[in-house]
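To start, the structure under review is shown below, and the notes come after it.
First listed ligand is number 1; within each ligand, the first listed atom is number 1. Worth saying up front: this structure is predicted, and the values here are computed from it rather than measured.
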Amino acid sequence: MDLNLKGHVALITGSTSGIGHAMATALAAEGVNIVLNGLGDPATIEQVRADIAKTHGVQVLYHGADMTRPAEIADMVAYAAKELGRLDILLNNAGIQHVAPIEDFPIDQWDKIIAINMSSAFHGTRAAIPIMKAQKRGRIVNLASAHALVASPFKAAYVAAKHGVAGLTKTAALELATFGVTCNAICPGYVMTPLVEAQIADQAKSRNMTPEEVMKNVILAAQPTKEFVTFDQLAGLLLYLVSDAGASTNGAILSVDGGWTSA
Ligand code: NAD
């Protein structure tokens with residue numbers, strides 16, 4: 001099925017790694033020009049940028065905006081539209097995690113998680129809206145989490161931020177509905193990425209378990225399928241949302257969690 005995405009422009013925050021990198025690659029495979037963003041070693045990022053561009057024959061740029069800095073986020077959105085001529089897709093994906101009981105939760109980690117996992121989606125959306133309204137078409141997708149719908153212990157900042165993203169998603173959807181712009185949230189269960197690998201180590205510490213016990217009894221215990229969600233499964237939903245077929249799906253908080261949040 002031709003999704004008619006050739007020549008579209010997507011900005012994906014936190015796309016130097018994990019889900020963001022996989023979604024950037026899936027969009028590039030459909031002919032979408034890409035702006036990558038994220039932290040990391042400059043040579044590795046350049047390799048990632050060049051690989052996607054060469055493999056898929058699309059333009060791939062990189063902007064190093066720090067998701068804790070609103071002015072840099074606005075600059076990145078303007079950069080995408082200026083350098084690539086338009087902005088069709090904004091995927092607010094950057095995210096971090098810190099696992100600790102609330103009474104011991106480091107205040108700087110709370111502030112950082114709220115900034116990166118929630119406020120950055122507001123700043124990106126705020127900057128993208130005038131561009132998308134002027135185009136009379138746009139797709140904003142927030143990479144939320146099952147933790148936008150349910151909680152887990154020791155993840156206060158992450159759960160609060162992701163619930164906030166769900167609220168932002170619904171509000172943007174209502175404000176943008178008559179402008180050809182949609183806003184939806186994808187809520188994965190566990191996907192094996194560096195973020196989850198780090199959590200296995202952190203959870204092992206706070207729960208006094210081995211990493212294997214955390215994987216079996218904590219991480220996949222929540223996921224009824226007992227399997228990690230794959231990048232392809234997330235890409236399938238993302239491609240639907242950003243295509244013409246997704247035009248009436250707006251303000252939806254979409255679970256891709258093997259049934260976790262049905263419990
Ligand atoms: P990851 O650690 O592999 O990637 C995170 C990306 O965010 C990286 O590119 C990193 O450089 C970037 N980033 C972090 N801080 C940044 C900052 N200050 N400025 C700019 N970029 C920054 O993680 P992932 O698992 O791919 O997570 C991606 C998104 O998916 C996150 O929002 C996460 O909460 C969400 N998510 C992940 C899972 C999972 O199981 N992996 C499940 C549900 C939701």
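A donor-acceptor contact closer than 3.5 angstrom is absent between the side chains of Thr16 and His21. Side-chain polar atoms of Asp51 and Thr55 form no donor-acceptor pair below 3.5 angstrom.
With a 4.5 Å cut-off on side-chain heavy atoms, Ser15 and Met23 do not count as touching. With contacts defined as side-chain heavy-atom distances shorter than 4.5 Å, the pair Arg139/Val181 does not qualify. With contacts defined as side-chain heavy-atom distances shorter than 4.5 Å, the pair Phe231/Thr193 qualifies.
When heavy-atom distances to ligand 1 are checked against 4.0 Å, the residues falling inside are Gly14, Ser15, Thr16, Ser17, Gly18, Ile19, Asn37, Gly38, Leu39, Ala65, Asp66, Met67, Asn93, Ala94, Gly95, Ile96, Ile116, Leu143, Ala144, Ser145, Tyr158, Lys162, Pro188, Gly189, Tyr190, Val191, Thr193, Pro194, Leu195, Val196, ordered by chain and number.
Only one option out of Asp75, Thr13, Asn37 pairs with His63 in a side chain to side chain donor-acceptor pair (under 3.5 Å); it is Asp75.
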